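Presented below is the structure to which this report refers.
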Amino acid sequence: QEELVESGGGLVQSGGSLRLSCAPVGSIFSIYTIGWYRQAPGKQRELVATVTSGGTTNYGDSVKGRFTISRDYAKNTVNLTMNSLLPEDTAVYSCYAGLGSDYPEYDHWGQGTQVTVSS
């Protein structure tokens, strides 16, 4: 059963913008921290951005000031708006939902969506 439904991604030129959306199923949206991680070929997975159930956000250093994560309570989705995209932002972006590092058994992951930024 799919618990995190991802949408968005694709190909964009350097300097352009994209938006990713993650729609958790059931009670996950209101309780869990939700966000995005990314992994480029040959690199480790890294934090992009997360937002807690209370609305506190956290961003990876490489995307601060360019990406914005937000909760849409009307649609029960979490959106990641990516501006000023760079070729180094090219990666597979995966939606994450969880209760923090102390409770890994509650981690949920989406299937991932490709973001490609051309120079």
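For the numbers below, each heavy atom of this structure counts, side chains included, while hydrogens, waters and symmetry mates do not. Owing to the predicted nature of the structure, the values given are computational and were not obtained by experimental measurement.
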Checklist outcome for this item: Interatomic distance, CE@M82 vs CG@L18, rounded to 0.5 Å, equals 4.5 Å
Checklist entry - Judged by atom type as modelled, is there a donor-acceptor pair below 3.5 Å linking the side chain of R71 to the main-chain atoms of F29? => result yes
Item to check | Nearest-0.5 Å distance, CG of residue L47 to CG of residue N58 | outcome: 5.5 Å
Next on the checklist: With a 6.0 Å cut-off on the ring centroids, do Y37 and W109 count as close?
Outcome noted: yes
Checklist entry - Closest heavy-atom contact between Q39 and K43? => result NE2-O, 3.1 Å
Item to check | Candidates T57, L85, N83, T81 - the one meeting side-chain contact (heavy atoms from CB on, under 4.5 Å) with F67 | outcome: L85
Checklist entry - Would one find more than 12 heavy atoms of other residues, nucleotides or ligands at under 6.0 Å from atom OH of Y103? => result no
Next on the checklist: Atom CD of residue position Q44 - does it have more than 12 heavy atoms of other residues, nucleotides or ligands inside 6.0 Å?
Outcome noted: no
Checklist entry - If you look at every heavy atom in W36 and C22, which pair is closest and at what distance? => result CZ2-CB, 3.6 Å
Checklist outcome for this item: CG (D72) and OG1 (T77) are apart, to the nearest 0.5 Å, by 4.0 Å
Checklist entry - Hey, is the main chain of G8 close enough, under 3.5 Å, to the side chain of T113 for a donor-acceptor pair? => result yes
Item to check | Least distance between heavy atoms, G110 atom then L4 atom | outcome: N-CD1, 3.6 Å
Using distance only, find each side-chain donor-acceptor pair of residues 48-56 under 3.5 Å and give its atom names and separation, not counting sequence neighbours.
residue, atom, partner, partner atom, Å
T52, OG1, G54, N, 3.3
T52, OG1, G55, N, 3.3
T52, OG1, T56, N, 3.0

Checklist entry - Y59 and K64: which non-hydrogen atoms are nearest, and at how many Å? => result O-CE, 3.4 Å
Checklist entry - Are the side chain of E6 and the backbone N or O of G112 linked by a donor-acceptor pair below 3.5 Å? => result yes
Let me have the donor-acceptor pairs involving side chains of residues 89-100, under 3.5 Å, with sequence neighbours excluded, atom names and distances please.
residue, atom, partner, partner atom, Å
D89, OD1, R38, NH1, 2.9
D89, OD1, R66, NH2, 3.0
D89, OD2, R66, NH1, 2.7
D89, OD2, R66, NH2, 3.4
D89, OD2, L86, N, 2.7
T90, OG1, P87, O, 2.9
T90, OG1, V117, N, 2.9
T90, OG1, V117, O, 3.4
Y93, OH, R38, NH1, 2.9
Y93, OH, D89, O, 2.6
Y96, OH, D107, OD1, 3.1

Checklist entry - Hey, are the side chains of S62 and E46 touching, using non-hydrogen atoms and a 4.5 Å cut-off? => result yes
